[in-house]
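Read the structure below first, then the notes.
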Protein chains: 2
Amino acid sequence: MHFKLRAATKEDCKEISRMILELAVYEKMSDQVKISHEELERDGFCQNPFFECLVAEVHEEDKAKEGFTMVGYALYFYTYSTWKGRSVYLEDLYVMPEFRGKGIGKGLLGKVAEMGKKEQCVRLQLSVLEWNTPSRDFYAAKGALDLTDNEGWHFIRFDGQNLDNLANEAPKD
Amino acid sequence: MHFKLRAATKEDCKEISRMILELAVYEKMSDQVKISHEELERDGFCQNPFFECLVAEVHEEDKAKEGFTMVGYALYFYTYSTWKGRSVYLEDLYVMPEFRGKGIGKGLLGKVAEMGKKEQCVRLQLSVLEWNTPSRDFYAAKGALDLTDNEGWHFIRFDGQNLDNLANEAPKD
C-alpha cells in the first residue's frame, strides 16, 4: 500500500485531534484528553510553535473503513539535554489499527529522526507505558534504551492547584 | 541570606556549564557530560532558543568558598501534551550544596512555574533518579505526582548509531 508522509498544516488539526483521541483510547486513558483542534491550531501554527507534526495519508481507494485517508501522525518537539545538547522528543506516534504492519509507523519514526538530525539533535526520546509491550518491543528492536529500567529515571508532574501553588511561591522581584 | 534570581544571559554560560558538571557529579553521571559553554551559548541564545535558564546569585560577602557568587540555576523549555496542551519541562534544578536549605531551590522552581503559567502551561514536568530520595521527597512534598510509579510511564531513548539508523529508514520523498 502506498502512503505519503508530509508536514501537517493548520487544516489537518481536526483529523489530528481525531487520531489523538484514538491513541488515548488505545492507551486506556481517553478520559484524560482535554485538548481541542482549536488549541492544536493555536499552539502548533503560531510564531514559535510548541510542536511540529507529520501526518500519513493513503490514497482514496485505500481509505479506512470509516472513510479516513489520514491514517497516522507523529507529533514532536525539540528539547535540550544539559549533558548532550539538542534533542527531539516524540510525544505521539500513531497509526490506525487497520494500517499497521505496512511500514507507516517506521516511516513516521524515521522522518522524525531525520528532522532531528537536520537540527543537529543527538537524541530522540519518548515515553511509553509499561504494559504496552508491542510498542516497547518495536522501539527495543530498533536499539532504544529504556532509561527507567536501566538508570532509574522517573517522570514527575505538577499540575492544577499544585502548579499554581509553586508559581505563587516564586519570589517577587 | 539574600539571593537574586534572574534570566541567564549568554555571558553566564561558563558558570552554568560549571554547575551542570557539579549537578552531574551529584547524580553520579559526570562522565556523561559532553556539553561545552559554547554550545550552551549557541543553543540558548539564538533566534528560536532550545532552552531558557534562570540563575541564582548571592552577594559578594556571601560567596561560595570557591569564590562563586552564582550558586544555582534552573534550565527549562516548553513541551506539549496532546492531552492537555502547553507544558513546561524543568531539565535541571541545582543549588550548590553549601547554599541549600535557604529557599533558593524553592525560589527557582517557583519562578519556572510562574514562567510556565505566563505561557499558559498547564503542567510542569521533570525527571528524577529513583535513588535520589532528597529530590523525590522535595517534589512529593509540593504535590508532584510520580507518573512512573502511578501510571507506568518509562523513558525511552535513541542515540548514536541507533538514531542514525532510524533517520536512514525515513522514506525518501
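Residue numbers start from 1 in every chain, and the chains themselves are labelled A, B, ... in the order their sequence lines are given, proteins ahead of strands.
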d(Ile20(B) CD1, Trp83(A) CH2) to nearest 0.5 Å is 11.0 Å
For Val128(A), is it the side chain, the backbone, both, or neither that has a heavy atom closer than 4.5 Å to a heavy atom of chain B?
-> both
Interface residues of residues 48-61 of chain B facing chain A - heavy atom cut-off under 4.5 Å = Asn48(B), Phe50(B), Phe51(B)
Where on Asp146(A) is there a heavy atom nearer than 4.5 Å to chain B: the side chain, the backbone, both, or neither?
-> both
Atom CD of Glu91(B) and atom OG1 of Thr82(A): how far apart are they, to the nearest 0.5 Å?
-> 5.0 Å
Result of checking Asn168(A), Leu166(A), Asp164(A) against Lys117(B) for side-chain contact (heavy atoms from CB on, under 4.5 Å) = Asp164(A)
Heavy-atom proximity to chain A below 4.5 Å, by part of Gln161(B) = neither
When every non-hydrogen atom of Glu151(A) is compared with those of Leu129(B), the smallest separation belongs to O-CD2, 3.1 Å
Can you tell me how far the CG atom of Leu124(A) sits from the CZ atom of Arg157(B), to the nearest 0.5 Å?
-> 11.0 Å
Separation of Ile35(A) CD1 from Ser81(B) OG (nearest 0.5 Å) = 6.0 Å
For Leu5(B) against Pro171(A), the heavy-atom pair lying closest together = CD1-CG, 3.7 Å
Side chain / backbone / both / neither for Leu40(B) at chain A, heavy atoms under 4.5 Å = both
In this structure, CD of Gln125(A) is separated from CG of Asp159(B) (nearest 0.5 Å) by 8.5 Å
CZ on Phe155(A) to OG1 on Thr148(B), rounded to 0.5 Å | 6.5 Å
Going by an N to O cut-off under 4.0 Å, is there a salt bridge joining Arg86(B) and Glu39(A)?
-> no
Whatever's closer than 4.5 Å to a heavy atom in chain A on Gln47(B) counts as neither
